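Written below as structure tokens is the structure these notes are about.
Numbers here are sequence positions counted from 1. Fair warning: this is a prediction, and the values are worked out from it, not measured in the lab.
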Amino acid sequence: MMTESTPAAAGAELAPDKVALKMQRKAEGREAKQVLKPVGGPLAKASLVVALSSVCAVLPFILIVEACRELLSETTDTHKVWTLVIVAVIVLVIRGLLQAAALVWTHLLDAAFQYGLRRALADKLTRVPLGWFTDRSSGEVKRFLQDDVEALHYLVAHARLEFVGAVTVQVAGLIYLFVVDWRLTLILLIPLVGYARALGAMMAERHNARLEVFNASERRIEQAIIEFVDGIQVVRAFGRARRAHSTFQRAVDDTADSLFDWKTRIARTQALSDILLTPAFLMLVVLVAGVGFVQLGWMDAVDVLPFLLLGIGLGSALLGIGFGGQALREGTAAAARLHRLQRTPELVAAKSPGAPGESGTGRLVRFERVGFGYRKDRQVLRGVDIELAPGTITALVGPSGSGKSTLACLLPRFYDVTSGRITIDGRDIREYSTEELYRTVGFVLQDVRMIRGTVRDNIALARPEADAADIERVARAARIHDRIIELPRGYDSEIGVDAVLSGGEAQRLSIARTLLADTPVLVLDEATAFADPESEAAVQDALARLVAGRTVLVIAHRLHTITGVDRVLVLDQGVIAESGDHATLSRAGGLYQRLWEQNQAAAGIIAAAGAGAADAVAATDMEGAR
């Protein structure tokens, strides 16, 4: 649940150290350059085109100034004036064509870059450990492949062109104005330099820190929305809708306060700085200084004209850089995230398959001095030595945080061991190709993942070539066939569209998928955890068919579900504390006995509560009958 906090407190908590923030920005810049390296050459060429078009944007002003000089001279050469005007028009047309060509070029380049990058990222995600996905939501994966890639659009298609264009216009214009009169040019530079300093202040660490506070508050409001929507049935059933709404409301208020704090400070600076670049203000500066210079005899009156025509336009080019700053920061941050994704370590799998084992039969699995840690300074498992005999069921139990799920995830290589090894029939699982490993090791997890597609597609995920008879056979074995044929289009119903399955039904569909894969080794993570009592019986029946003759490792949270397994392993703080069958361990006076007693006590409380509820219902019915 979200805790109440004020923007000031959030700012104190989130505002990073200035030096650290500068280093972070530099690191993000370097990472963004690495991501954009494939388009660096074409962007450089497009920038040359934009630089040429920017020069062409300045030339018409110079030609018009010269035409005006000719018109104001004592003897006007109209032919020369018309020539200058026509050349100015031609240059403007060339400038437009060059600008359009550069923009079309970079947009085509961006489309090809995004397509290639998405394919490369998708290919990358096929090689990262499966545990990478379990640590992240589908929304985070979608952000990488869609939102972050789209955020690069500004960097590829606009950022460099706008920067080169603005700088070229400024440099070309200022060179010309310096030639006309260097003193008035220096006066004109004062508001331009003032805006540049204000822009730097707006992008300084204190504003970036406030932006981080606002972004954090936005993430909190997204979390509050998800919690509110996901839990709406529960909070309404228990009359807590008002409290849930107040949590959401506090998140909204915090976001509004942080936005107000961030925007008001920037808005004051931005409003004052934008005034410096308005044509009216620049024209006023030029006229006041120009009239004074004319009166002092430092320049001719006609020399003020270039500053009125060209000088007041220099501000708009600089203003464009300021407006693109936010998109530039977002694109740079997105590129940095994508660069870190590209550097995610991959599972190294053998490319040549070994000798295939007999389908559906158990294999000998050994964990030999296995150690694992998500970080070097945090070891989750230490020196685990266990053997799973062919055709046996081994249950893995232990307190919360003991490493049960981590140990089970190592067998299908969701992660790689950091020390020791895991073998199947004497062969290190790291020597298996990916396809071969998942033909050997199957898994049914608590959190069932469905792909976008039909029920048939989801069952046949491991064997796309499976025919309708095989799919129906495993669905019947998993006790899900009857539910499937009740769907509007049966096996052709689409998940999430016209096929909405309960937790127990999804588990049975996952079991059918694993039955069809027919792997000799299975990993089960409390497959009945989300099932109601009626569904639990069906799931248990389906599991009985699934595990027959296979080597099975099952993570157990409810101990009464594993009393009949061949062997129980008790894990405590990353090491095997006890090993044996249920009958022996439940009387050994160790950790398993304590867990079993707690399990029985909890079951007794639930049974008593159920009986009390039944008595209350019966009493109510009798009272109603009277």
- Please lay out, stage by stage, how Val365 and Leu553 fare under the test side-chain contact (heavy atoms from CB on, under 4.5 Å). CA-CA 10 Å; Val365 177; Leu553 177 64; over 6 Å; no

Would you give me the side-chain donor-acceptor pairs under 3.5 Å for residues 462-472, sequence neighbours excluded?
unit_1: Arg463; atom_1: NH1; unit_2: Leu516; atom_2: O; d: 3.4
unit_1: Asp467; atom_1: OD1; unit_2: Ala469; atom_2: N; d: 3.3
unit_1: Asp467; atom_1: OD1; unit_2: Asp470; atom_2: N; d: 2.8
unit_1: Glu472; atom_1: OE2; unit_2: Arg476; atom_2: NE; d: 3.0
unit_1: Glu472; atom_1: OE2; unit_2: Arg476; atom_2: NH2; d: 2.9

- Message: I'd like to check Val575 versus Val384 (side-chain heavy atoms, cut-off strictly below 4.5 Å). Are they in contact?
- Response: no

- Task: Rounded to the nearest 0.5 Å, what's the gap from CD1 on Ile429 to CG on Leu410? Could you check?
- Result: 7.5 Å

- Query: Between CG of Leu522 and CD1 of Ile511, what distance do you get to the nearest 0.5 Å?
  - Reply: 10.0 Å

- For the student: nearest non-hydrogen atoms of Ile480 and Ala512, plus distance: CG2-CB, 4.4 Å

- Item | Short N-O contact, Glu436 and Arg427, less than 4.0 angstrom | yes

- Message: Taking Asp428 first and then Arg430, would you say they form a salt bridge - that is, a charged N and a carboxylate O separated by under 4.0 Å?
- Response: yes

- Task: List the atom of Val565, the atom of Ala395, and the distance in Å for their closest heavy-atom pair.
- Result: CG2-CB, 3.9 Å

- Task: Kindly indicate whether the side chain of Arg337, heavy atoms from C-beta on, has any atom under 4.5 Å from the side chain of Leu341.
- Result: no

- Using a distance-only test with no angle check, is there a side-chain donor-acceptor pair under 3.5 angstrom linking Arg567 and Thr392? no

- From CG (Leu364) to OG1 (Thr423), nearest 0.5 Å: 6.5 Å

- Item | Any Arg550 side-chain heavy atom under 4.5 Å of Val521 side chain | no

- Message: Just so I know, are the side chains of Phe443 and Thr519 near enough to count as touching, which here means a heavy-atom distance under 4.5 Å?
- Response: no

- Message: Does this structure show an ion pair linking Asp123 with Arg118, if we count only N-O contacts that are shorter than 4.0 Å?
- Response: no

- Criterion side-chain contact (heavy atoms from CB on, under 4.5 Å) on Val554 and Leu396, from CA distance to verdict: CA-CA 6 Å; Val554 55; Leu396 195 60; over 6 Å; no

- Message: Taking Ala583's backbone N and O only, do any of them form a donor-acceptor pair with Arg587's side chain (distance below 3.5 Å, no angle check)?
- Response: yes

- Note on the structure: Note: Asn458 and Gly453 closest approach over all heavy atoms is ND2-O, 4.0 Å

- Message: Taking the side chain as everything from C-beta on, heavy atoms only, tell me whether Ile576 gets closer than 4.5 Å to Val570.
- Response: no

- Query: Less than 4.5 Å apart, any side-chain heavy atom of Val380 and any of Leu407?
  - Reply: no

- Task: Report the distance from atom CG of Leu524 to atom OG1 of Thr394, rounding to the nearest 0.5 Å.
- Result: 11.0 Å

- Item | Pair Tyr432 + Tyr438: ring centers closer than 6.0 Å | no

- Message: Can you list everything that forms a side-chain hydrogen bond (donor to acceptor under 3.5 Å, both in side chains) with Asp482? Sequence neighbours excluded, please.
- Response: none

- Item | Gap separating the CD atom of Gln600 from the OG atom of Ser586, nearest 0.5 angstrom | 9.5 Å

- Contacts of type side-chain hydrogen bond (donor to acceptor under 3.5 Å, both in side chains), residue Thr584, not counting sequence neighbours: Asp581

- Would Val444 and Gln507 count as a side-chain contact (heavy atoms from CB on, under 4.5 Å) if you check the C-alpha gap in whole Å, the side-chain angles of each, and the deciding distance to 0.1 Å? CA-CA 8 Å; Val444 179; Gln507 286 288 4; 3.6 Å; yes

- Query: Say you draw a straight line from OG of Ser493 to CD1 of Ile485; how long is it, rounded to the nearest 0.5 Å?
  - Reply: 11.5 Å

- Message: Ignoring hydrogens, what is the shortest heavy-atom contact between Leu501 and Ala506? Give both atom names and the distance.
- Response: CB-N, 4.1 Å

- With sequence neighbours left out, which residue pairs that include part of residues 379-394 fulfil the salt bridge (Lys or Arg N to Asp or Glu O under 4.0 Å) condition? Arg366-Glu387, Arg369-Asp385

- Under the side-chain contact (heavy atoms from CB on, under 4.5 Å) criterion, do Ile484 and Ile459 qualify, and how do the steps go? CA-CA 11 Å; Ile484 293 174; Ile459 294 177; 4.0 Å; yes

- Taking C-beta and beyond as the side chain, do Thr440 and Arg363 meet within less than 4.5 Å on heavy atoms? yes

- Would you say the side-chain atoms of Asn599 pair up with the backbone N or O of Leu559, donor to acceptor, closer than 3.5 Å? yes

- Note on the structure: By ring pair (Phe, Tyr, Trp, His ring centres under 6.0 Å), Tyr592 pairs with (sequence neighbours left out) His582

- Test item: Val370 and Ser419 side chains (from C-beta on) under 4.5 Å apart, heavy atoms: no

- Item | Of all pairs that satisfy salt bridge (Lys or Arg N to Asp or Glu O under 4.0 Å), the ones with a partner from residues 490-499, not counting sequence neighbours | Arg456-Asp492, Arg489-Asp498

- Task: Kindly give the heavy-atom pair with the smallest separation between Leu571 and Ser402, and that separation in Å.
- Result: O-CB, 3.3 Å

- Message: I need the minimum non-hydrogen distance between Leu437 and Pro412, along with the two atoms involved.
- Response: CD2-O, 3.8 Å

